[in-house]
Amino acid sequence: MTSYVDRQEKLKTGLDRDAALRLKNNRLGMTIFQASWIMVFFAIIVVNWQLRFSYAQWPPVGVAPFDPLLPSIATLALLLSAALVRQGWGGLRGGKLGEFLVSWRLAMALGIGFMTIIVYEFMTVSEAALATQYGITLRLMTGFHFVHALAILAVMLHVYRGACAGAYSGGEREAWAVEGAAKLWYFVAVAWMLFYVVLYWIR
Amino acid sequence: MATIAVPLGAEIESHEAEAVQRPALSEYLRWSVDHKIIGVQYGVASFLFFIIGGAMAMLIRLELWTPDLDVMVSGAAYNSLFTMHGTVMIFLFIIPMWAAFGNFVVPLQLGAKDMAFPWLNAFAFWLIPPAAIVVLLGYFVTPAEAGWTSYPPLSTLFSGDGQTLWALGAHLLGISSIMGSINFIVTIFNMRPPQMTIWRMPLLCWAVLATSIIAVMATPFLAGALTLLLLDRVAGTTFFDAAGGGDVLLWQNIFWFYSHPAVYIMVLPGMGVLSEVLSVHSRKPVFGYRMVGLSSMGIAFVGFTVWAHHMFTSLQPELRIPFMITTMIIAVPTGIKMFSWLGTIWGGKIRFTSAMLFALGFMSMFVIGGITGVMLAALPFDIHVHDTYFVVSHFHFVLFGGSVFAIYAALYHWFPKVTGRMMNERLGRIHFAFTYFGFLFTFFPMHIVGMLGMPRRVAVYDEAFANWNQLISFSAFVLGFSTFIVIYNIIRSYYRGPVAGANPWRALTLEWATTSPPPVTNFTDDPIPFEDPYGYGTEASAAYLDAVEAAFDGNENRTILD
């Protein structure tokens with residue numbers, strides 16, 4: 001009756017057929033959603049790229065290039081945060097709730113640090129840059145990414161509070177919410193890496 | 001003879017002909033997570049929008065009856081009218097209408113109890129009514145005037161607040177479409193019964209899979225474009241304004257990167273319907289099954305590489321030829337489908353049911369729309385007929401002669417499964433005759449006036465085209481009238497139609513191996529698909545069909561044909 005994939009699922013997780021199917025559906029659905037929604041970020045990269053051709057050079061004449069120092073620190077913080085999310089999720093799968101709580105607390109703090117720097121970048125674009133698409137696209141991209149980071153941080157906070165209240169005793173079955181939130185946070189990190197390279201390194 | 005595994009036979013003892021258990025009508029007005037209810041909700045809602053969009057088309061044709069401006073108060077009013085006509089027909093009718101058939105039929109064809117994410121499914125549907133209200137309300141404030149393509153600067157500097165509402169509504173519809181498509185892909189990959197490998201999957205599922213892949217990969221570009229449009233309109237940015245360093249072509253690139261694949265979102269499910277209907281009603285296996293499934297994927301893939309042919313006149317000259325070539329390549333997978341359909345009906349035992357007539361109508365009309373598509377792909381010809389009625393004719397042949405004919409074929413084919421009652425075949429044939437000839441004489445002459453040079457999107461035109469336009473308008477009214485026939489047929493058949501039984505067409509796919517309409521869980525046991533979804537004409541398939549019939553209807557309840 002069960003396919004190869006089903007049997008593997010059963011071996012790995014010990015779930016019954018319906019729960020295993022739900023988990024399988026959730027995972028595939030999340031993958032497709034990520035593949036789909038990253039296309040919006042690609043669309044915005046295309047915007048940035050095409051607008052460069054309106055100018056003789058990029059950044060435009062008379063506009064100082066953005067300083068990549070602070071954003072690079074923010075990027076490191078975000079990557080570290082994603083790694084901690086991974087570690088916490090792994091800990092929860094192994095039944096170690098304490099490890100999960102500590103990792104996610106740190107991850108969320110780093111996430112907030114990242115977002116603070118991004119807000120600072122958004123607010124401090126020079127007047128000269130804002131008179132051109134160089135500054136406007138920075139605001140578009142950081143702002144657009146910030147909205148996603150904020151929403152997904154809220155999801156992580158929700159999951160974290162659930163874990164504090166004892167919603168996830170460990171094991172694969174109840175951990176889908178954790179897995180989903182973690183995968184959304186990876187999405188934030190990947191999307192930012194794309195924007196970071198385009199904004200600060202490709203001239 | 002092969003042993004036939006019959007679904008559910010053991011659990012079902014007797015069936016009275018009149019015991020058609022249908023959901024109460026009030027269930028369709030409420031939140032429901034049942035894919036069958038949601039399918040009907042999608043269908044009825046989009047049909048309503050078809051009527052609204054059709055009424056707008058009638059007004060357009062009334063205005064064009066004479067060369068002067070007589071019905072509309074101004075050219076701007078005419079602009080907003082055809083803008084709404086296009087928007088309603090594309091975003092609120094055709095795309096959700098395919099979600100209707102996909103929702104109802106796909107889980108049944110896969111033998112699944114429901115879609116993978118029932119709640120998400122309902123949510124995707126319930127985004128449509130508010131989106132529709134937002135878009136239509138825009139018509140009553142200062143309406144959008146930039147056509148359904150909303151090119152800046154028309155859509156940024158010259159359109160009123162209706163354009164902002166248009167963009168918001170389109171945003172919601174895009175999100176709805178993405179969520180629905182994620183659901184379809186997961187359902188098709190994960191919810192098939194173990195015996196149904198991907199190469200034994202019905203072709204409608206293949207088509208919906210290809211459509212959904214396009215929708216999830218392309219619709220985010222629409223979301224990006226609409227976000228920029230909204231920012232330009234309300235936040236004072238200048239992405240599309242050259243005065244502020246922006247670029248008007250930016251919109252065209254991003255919009256068409258979504259909207260050209262969206263053309264295939266609108267027609268691919270129709271092609272899937274054709275493969276189902278032609279095979280069932282001519283009692284023959286689909287010719288070249290694998291190639292048809294793969295050609296859907298081929299269209300989906302190549303469809304992403306052709307968008308700039310919508311911008312031939314504004315594109316850098318050196319980029320035109322590559323896009324001309326990719327556009328012509330699209331004809332290859334489409335041609336595979338056309339030959340498969342011809343091969344399927346060739347030598348078949350054709351039953352000229354209403355569904356079959358509309359399917360044959362699709363073939364004859366879509367081939368014209370396809371050929372004018374190749375003509376338009378040829379750069380020198382395109383520059384000659386650019387922005388004329390030739391283009392209008394081309395895309396109506398594809399979207400009406402293609403998609404709408406397929407929607408009608410699907411309606412006549414699956415109506416018995418949805419309601420448990422047959423549609424009236426005589427009315428169906430009358431409907432077909434009016435639609436076919438009304439359509440042909442509405443849109444074919446547009447090729448001619450287009451070549452003669454009549455521009456599109458104008459309310460006032462040269463005297464020389466007056467006679468042609470009267471013919472076009474008259475035929476359009478005939479076409480509009482034909483819709484009333486099918487509405488009457490639907491309502492009458494819903495209450496009075498003959499009881500259909502489980503499998504009135506003697507079809508092999510799994511949606512027919514359960515009662516009509518199916519019970520809440522679709523099947524009372526895990527259904528077992530026949531080894532080949534289109535294996536008509538063998539003893540084994542006849543035995544399978546007899547067994548299904550015996551399990552659900554008994555012998556006296558045969559309703560139709562064969």
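Throughout, a chain's letter reflects where its sequence line sits, starting with A, and its residues are numbered from 1.
Under a cut-off of 6.0 angstrom, the local environment of CD in A:Gln57 is crowded, with over 12 non-hydrogen atoms contributed by other residues, nucleotides or ligands. In B:Trp126, the CH2 atom is crowded: over 12 heavy atoms of neighbouring residues, nucleotides or ligands sit closer than 6.0 Å.
The side-chain heavy atoms of B:Met179 and A:Phe33, taken from C-beta on, include no pair separated by under 4.5 Å. No side-chain heavy atom of A:Val46 sits under 4.5 Å from any side-chain heavy atom of B:Asn253.
Side-chain atoms of A:Gln50 never come within 3.5 Å of backbone atoms of B:Trp251 as a donor-acceptor pair (strictly under, hydrogens ignored).
Only the side chain of B:Phe117 comes within contact range of chain A, with heavy atoms under 4.5 Å apart. For A:Ile38, no part lies under 4.5 angstrom from a heavy atom of chain B. When heavy atoms are compared at a cutoff of 4.5 Å, B:Leu249 approaches chain A by way of both its backbone and its side chain.
Between A:Val40 and B:Pro220 the shortest heavy-atom distance is CG2-CB, 3.3 Å. Pairing each heavy atom of B:Gly246 with each of A:Ser54, the nearest pair is O-OG, 3.9 Å. Closest approach of A:Ala43 to B:Ile254, counting heavy atoms only: O-CD1, 4.0 Å. When all heavy atoms of A:Asn25 and B:Ala116 are compared, the pair lying nearest together is ND2-CB, 3.6 Å. Shown here for A:Leu28 and B:Phe189, the closest heavy-atom pair between the two residues is CD2-CB, 3.7 Å. Considering all non-hydrogen atoms of both residues, A:Tyr55 and B:Gly244 come closest at OH-O, 4.0 Å.
Interface check for chain A: of the options B:Thr238, B:Leu250, B:Ile185, the most heavy-atom pairs under 4.5 Å are formed by B:Leu250.
For the atom pair CZ of A:Arg52 and CG of B:Asp247, the computed distance is 14.5 Å after rounding to the nearest 0.5 Å. For the atom pair A:Leu140 CG and B:Thr227 OG1, the distance stands at 8.0 Å (nearest 0.5 Å). One finds the CD atom of A:Gln34 at 10.0 Å from the CD1 atom of B:Ile182 (value rounded to the nearest 0.5 Å). For the atom pair OG1 of B:Thr237 and CG of A:Leu130, the computed distance is 11.5 Å after rounding to the nearest 0.5 Å. Atom CG of A:Leu21 is separated from atom NZ of B:Lys113 by 9.0 Å, given to the nearest 0.5 angstrom. Rounded to the nearest 0.5 angstrom, B:Ile178 CD1 and A:Ile32 CD1 are separated by 12.5 Å.
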* To do: Verify side chain to side chain contact (heavy atoms under 4.5 Å, CB included) between A:Lys24 and B:Val186, making sure each step is shown before the conclusion.
  => CA-CA 9 Å; A:Lys24 207 168 110 184; B:Val186 176; over 6 Å; no
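Residues of residues 206-219 of chain B that come closer than 4.5 Å to chain A, counting heavy atoms only, are B:Val216, B:Met217, ordered by residue number.
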